[in-house]
Amino acid sequence: MPTVPLRDRAAWKALESHHAELAGRDLRELFAADPDRGERLTAEAAGLYLDYSKNLITDETLRLLVRLAEESGLAEHRDAMFRGEPINVSEHRSVLHVALRLPKGASLVVDGVDVVAQVHEVLDRMAAFARRVRSGDWKGHTGKRIRNIVNIGIGGSDLGPVMAYEALRHYTDRDLTFRFVSNVDATDFVEATRDLSADETLFVISSKTFGTLETLTNAHSARDWLVSRLGTPDAVAKHFVAVSTNAERVAEFGIDTANMFGFWDWVGGRYSMDSAIGLSTMVAIGPEQFHDLLAGFHEMDEHFRSAPPAENLPVLMGLLGVWYANFFGAQTVAVLPYEQYLKRFPAYLQQLTMESNGKHVTLVGDPVDYDTGAVYWGEPGTNGQHSFYQLIHQGTRLIPVDFIGFGKSLNPLGEHHDLLVSNVFAQAQALAFGKTEDEVRAEGTAADVVPHRVMQGNRPSNVLLAEQLTPRLLGCLVALYEHIVFTQGTIWGIDSFDQWGVELGKQLAAQIAPELTSSTEPELGHDSSTNTLIRRYRSLKA
Ligand code: F6P
C-alpha cells in the first residue's frame, strides 16, 4: 500500500486545485464546448453501457482521478485480491468472492488448495439438490413434494438471496413459492409462513457463522412450527437444509451435514450471493441459469482485472464517487433502477457499500482525515420521481445519481416501456441542464413564481443501459458495484472487508435481553437513558 497519506498524494493535491478551478463551470457550458461529450464520455463492458458524460468533470478531472488510482496502488491491490492474498487485514483473510465465479477447470491455488475445485464441488452438489427439489423428487416427511422454500438468514445471507429472487422472478419456476425471513421480529416469520403447509415446506437456514442471533431464533421457531404441525422431530431431516461455513454448529442445531452446503471464510457475507448462499436462487431459476449469473459476475471481474482505468466501468464509477464524496462533500449516492424487478437492488447495495466502506481508520489503524463511504439509497423509477426526486432536483445537497435502464422489458405491454425509459433520459437531462430563470420567464410564468420554478441543473448522474435484465446481466451489475466498492476502499486505504462496527450493538443486546425477560426487577447498570427505557419497556409489556 502507498506510504504517502491520501491527502498528501500529488494527485489529491492537484484534484483540490482542479476542483477550485472548475467552480463556476457547469454542464451546460461543458456540453456546449464539447458537442461530442455525450458520445465520448461513455464506456461499455459485459453488455453494460455507461454514459458518464453528465458528471461534473473535464478530461483533466479524469486524468487526475486515474493518477490518484495509480498513486493509491489500485492495480496492485486488485491483483493481490485476485491472487488470494490476505487483504482483509483486520481478519487476516483472503478476499476471494471472485473465485466463486471462476469457470470449471480454472485454477486458483491458495495455501496449497485449489479453491476453484472446491467451489465447483459445492456448485455441483447444489445443482443436484436444486434439480431434485424442482423436479419433485425431493419429498417431504409425509411423501409430498416441496412447493415452498423459505430462506432464513440476515444481512448477506438474506439480502443477496431476496434481491436475486426478486430481480430474476421472471426466470423462476412459478410452481414454487419463495419466502425470505430475516428479522428477529416474529412478524416476519409468522407472516411468511402463515399460508404455507408444513408438509410442502423446505427451510434453507443460511448463515455463514451459524451463530447469528436473528437467524438462529428464526430457525428454532421454524423447527417448532414444523414439528408441531408434522408431529415428530424426525420431520426435520427432509425439511431443513443449511448453508454455512460452520459444520459443527449446523450439526448442533440438528441438521444433517449431508444436507449442508458449505462455503469459506474468504467469502464475505455481503459478497456471498453467488456462493452456496445462493441456494434458494438456484432452486428458483435452476442450475443452468445460476451458471449464467456466475458467468456475468466473471465477465465483469475480467473487465475489472484487465481494462485500462479510463475504460474500466467500476474504476470510473468508483473514482467519480471519490470525486463527489471527497471534493464536493456529497454525503449520499442514489441508485435508481428503472426496472421493477430491481426493486430490492438499492437495499442490497446498502449492505454491500456501507458495511464495506463505512470505516474510520486506515489499514494500519490511523484515523482517516477525509470522508469514506457514502450513504447509498434508492427506489425504482418512476415511483421515486413522485416522492424524493424533488430534493435531488431543487434541494441544497448534491446527490450523485446512478440511473439503470434497459432496452427491452421482460413484460412488454403497450407503451409502458418507452414511457418508463423516456423518464430515465428526461430525469438525467433535467438534473444536468435544469431550467434557467430566462427560460422560466419565457414560459410566461408569473414573476413571483419564477424563482420557485428555476432548476439550477448541474446535478451529476451516470446512466447505465443494458439490453434486458437476465441472470447474466444481474451478475455483471452486482460485480460492477462490488468493484466500485473495492476501488473506493483502495483509494481511502481502508479495510472494505471487515465489519467490526456491528459487534458492539450485538454485545449490548445480549446483555440487555435477559434484563427485559427476567421475572424479578433486574439491577440495571447502564446509563440513565438506557435504564429508564428498560424500566418503561418492562412496565409496557407487563
Ligand atoms: O452483523 C453483520 C453480519 O455479520 C453481516 O456481515 C452478515 O452478512 C450478517 O451479519 C449475517 O451473518 P451470518 O451469515 O453469519 O449469519
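Because only heavy atoms are used, hydrogens play no part in the values below, and waters and symmetry mates are left out as well, while side chains stay in. Atoms within each ligand, like the ligands themselves, are counted from 1 in listed order.
- Salt-bridge annotation for Glu482 and Arg101: present, with a side-chain N of the basic residue lying under 4.0 Å from a carboxylate O of the acidic one.
- If you check which protein heavy atom lies closest to atom 4 (O) of ligand 1, you get Lys506 NZ, 3.9 Å.
- Closest to atom 15 (O) of ligand 1, if we only count protein heavy atoms, is Thr209 OG1, 2.6 Å.
- For the side-chain contact (heavy atoms from CB on, under 4.5 Å) with Ser206, the qualifying choice from Leu279, Asn151, Ile152 is Asn151, the only one to do so.
- The N/O atoms of Thr212, backbone and side chain alike, include one that comes under 3.5 Å of an N/O atom in ligand 1.
- Listed for the Asn462 side chain is no donor-acceptor partner under 3.5 Å among the backbone atoms of Asp402.
- Aromatic ring orientation, Phe203 versus Trp225: perpendicular (interplanar angle above 60°, classes split at 30° and 60°).
- Of the protein's non-hydrogen atoms, Ile154 O, 3.6 Å is the one closest to atom 9 (C) of ligand 1.
- At a threshold of 4.0 Å, the pair Arg169-Glu166 counts as salt-bridged, since one of the basic side-chain nitrogens sits closer than that to a carboxylate oxygen.
- At a heavy-atom cutoff of 4.0 Å, ligand 1 is contacted by the side chain of Gln499 but not by its backbone.
- For the pair Val236 and Arg223, the minimum side-chain heavy-atom distance is below 4.5 Å.
- Scanning both residues, Asp158 and Gly153, for their nearest heavy atoms gives CB-O, 3.3 Å.
- Between Glu503 and ligand 1 there is no heavy-atom distance shorter than 4.0 Å.
- The nearest heavy-atom contact from the protein to atom 8 (O) of ligand 1 is Gly156 N, 2.8 Å.
- Checked by distance only, ligand 1 and Ser157 come closer than 3.5 Å through their nitrogen or oxygen atoms.
- Proximity to Val502 (heavy-atom distance under 4.0 Å) selects the following atoms of ligand 1: 1 (O), 2 (C).
- Glu355 OE2, 3.4 Å is the protein heavy atom nearest to atom 2 (C) of ligand 1.
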